[in-house]
There are 2 protein chains.
Amino acid sequence: MDLNIPSFLRNQGIKASYQRIRIYEYLMNNRTHPTVAEIYNALITDIPSLSKTTVYNTLNLFVEKVLVEEVTIEGSEMRYDIKDPKGHGHFKCTQCHRIFDVPIQIEKIFTEELSEFQVQAQFVHFVGICPDCLKKNS
Amino acid sequence: MDLNIPSFLRNQGIKASYQRIRIYEYLMNNRTHPTVAEIYNALITDIPSLSKTTVYNTLNLFVEKVLVEEVTIEGSEMRYDIKDPKGHGHFKCTQCHRIFDVPIQIEKIFTEELSEFQVQAQFVHFVGICPDCLKKNS
DNA sequence: TTTCATCTTGGACTCATTACAAGTTTATCA
DNA sequence: TGATAAACTTGTAATGAGTCCAAGATGAAA
Ligand SMILES: [Mn+2]
Ligand SMILES: [Mn+2]
Ligand SMILES: [Zn+2]
Ligand SMILES: [Zn+2]
């Protein structure tokens, strides 16, 4: 499923600048929920003129156009994730600080009390210790 | 269940200073998930010497001692909530910006894939429009 | 190639939070 | 009492993620 990023972006009503293509491509290839600083540091060697503001602008645009989702989880920096139409939760390991994807049964979360609310988005996340770190500890 | 806050704090290993008592009391009486600024502004008339740093220090201490929980939900300011041993989720209304408590069936969220992880905490939140605002809109 | 809208850039700025050092309170004990 | 020290509070300065803005670059259309 070899995605052509430039035409994909244009289909979403986004002008496919070089910076935007490279940022989207980075998110596709690095499903680690990177921060702005991580994205910027990864691309700056290839794109020496890149500005942090452009990374912010581009991510905000992608979020607005629903190509990308913000992941708010423990810590002071926002993280970014390619939009998953199915939706999934996250698990943050307190030892290695990695963030794992967790499949979620969204329907099961809804409770009676929410019936009067119009829910537009839902977020689930866990904090704890991942299997790798549990092994290392023992 | 008329709680004696000073002795409650001492039981938790926390010295019951006047500031700490008033901040805890405020959180007990205002289950609105207030920000630091809201707590500070509410108490500054009663305690003119109160410092914002004290509010930060106190809340961080309460979080460490598990008397209070941080609520991270949309927006740049941290919010605080008296610790609920049962646990509950939150719903943020995009129109009136209120944050509602939502009872959650935590067990139902757990998926097969989490079985190898040691989960220490879980967070669920929703974003959408609350019943009051839905009525106003129609 | 000219034009005009859109993008990118970097530096200034904002604002929530933390760090720090000096002053205050409180508990303990001579 | 008074002395001593630990813990707490306070105000100011510093940090740092994110935004604003104005000037320059890009690129599609005519
Ligand atoms: Mn993810
Ligand atoms: Mn709550
Ligand atoms: Zn780990
Ligand atoms: Zn509302």
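Each chain gets a letter, A, B and so on, in the order its sequence line appears, and its residues count up from 1. Computed from heavy atoms alone, side chains included, the values below leave out hydrogens, waters and symmetry copies. Keep in mind that what you see is a predicted model, and the values were worked out from it rather than measured.
End-to-end axis angle of the helix from C:dT1-D:dA30 to C:dA30-D:dT1, from C1' rotation axes over five pairs per end: 10° (rounded to 10 degrees).
Among the protein residues, B:Thr35 comes within range of no part of the nucleic acid, since none of its heavy atoms lies under 4.0 Å from any strand.
Looking only at side-chain heavy atoms (C-beta outward), A:Val119 and A:Leu114 come within less than 4.5 Å of each other. For the pair A:Val102/A:His125, no side-chain contact is recorded, criterion being any heavy-atom separation below 4.5 Å from C-beta on. No side-chain heavy atom of B:Ile99 sits under 4.5 Å from any side-chain heavy atom of B:Thr32.
Other members of the cluster containing A:Val66 do not exist, because no ILVMFWY side chain is joined to it at under 4.5 Å.
Taking atom CG of residue B:Leu50 and atom C1' of nucleotide C:dT24, one finds them 15 Å apart after rounding to whole Å. Between the OH atom of B:Tyr40 and the C1' atom of D:dT9 there is a distance of 13 Å, given to the nearest Å.
If you take SG on B:Cys93 and CG on B:Leu134, they are separated by 7.5 Å, rounding to the nearest 0.5 Å. Here OG1 of B:Thr58 is found 11.0 Å from CD1 of B:Ile21. Values are rounded to the nearest 0.5 Å.
Within the 4.0 Å cut-off from OP1 or OP2 of D:dT10, at least one side-chain nitrogen or oxygen of B:Ser49 is found.
Interface residues of residues 60-71 of chain A facing DNA chain C, ordered by number: none; criterion, heavy-atom separation under 4.0 Å. For the segment residues 16-27 of chain B, residues with any heavy atom less than 4.0 angstrom from an atom of DNA chain D are, sorted by number, B:Ser17, B:Gln19, B:Arg20.
Qualifying salt bridge (Lys or Arg N to Asp or Glu O under 4.0 Å) partners for B:Lys65, counting only residues two or more places apart in sequence or in other chains: none. Not counting sequence neighbours, A:Glu38 has no partner by the side-chain hydrogen bond (donor to acceptor under 3.5 Å, both in side chains) test. Evaluation of the ring-ring contact (aromatic ring centres under 6.0 Å, His included) rule for A:Tyr26 yields no partner, not counting sequence neighbours. Not counting sequence neighbours, the partners of B:Asp84 by the side-chain hydrogen bond (donor to acceptor under 3.5 Å, both in side chains) test are B:His88.
Residue pairs that meet the ring pair (Phe, Tyr, Trp, His ring centres under 6.0 Å) test with at least one member in residues 39-79 of chain A, sequence neighbours left out, are A:Tyr24-A:Phe62. Residue pairs meeting the salt bridge (Lys or Arg N to Asp or Glu O under 4.0 Å) criterion with at least one partner in residues 3-26 of chain B, sequence neighbours excluded, are B:Arg22-B:Glu25, B:Arg22-B:Asp46.
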Kindly give the atom pairs (protein nitrogen or oxygen, nucleotide nitrogen or oxygen) under 3.5 Å for nucleotides 14-16 of chain C.
none

Between the protein and nucleotides 27-30 of chain D, are there any N/O to N/O pairs under 3.5 Å, and if so, what are the atom names and distances?
none

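Side-chain atoms of B:Thr54 stay outside donor-acceptor range of the base of D:dC8, with no qualifying N/O pair under 3.5 Å.
Surrounding CD of A:Gln95 are more than 12 heavy atoms belonging to other residues, nucleotides or ligands, all under 6.0 Å away.
Judged by closest nucleotide on DNA chain C, B:Arg79 is the one of B:Arg79 and B:Asn57 placed further toward the 5' end.
Placement of A:Phe100 and A:Phe126 within a single hydrophobic cluster is found when ILVMFWY residues are connected by side-chain heavy-atom separations under 4.5 Å, directly or transitively. Note on A:Ile23: it clusters hydrophobically with A:Leu67, by side-chain heavy-atom contacts below 4.5 Å among ILVMFWY residues. Cluster membership for B:Leu59 and B:Ile5, using ILVMFWY side-chain heavy atoms within less than 4.5 angstrom, is shared.
Among the nucleotides C:dT17, D:dT19, C:dA19, the one closest to any side-chain atom of A:Thr53 is D:dT19.
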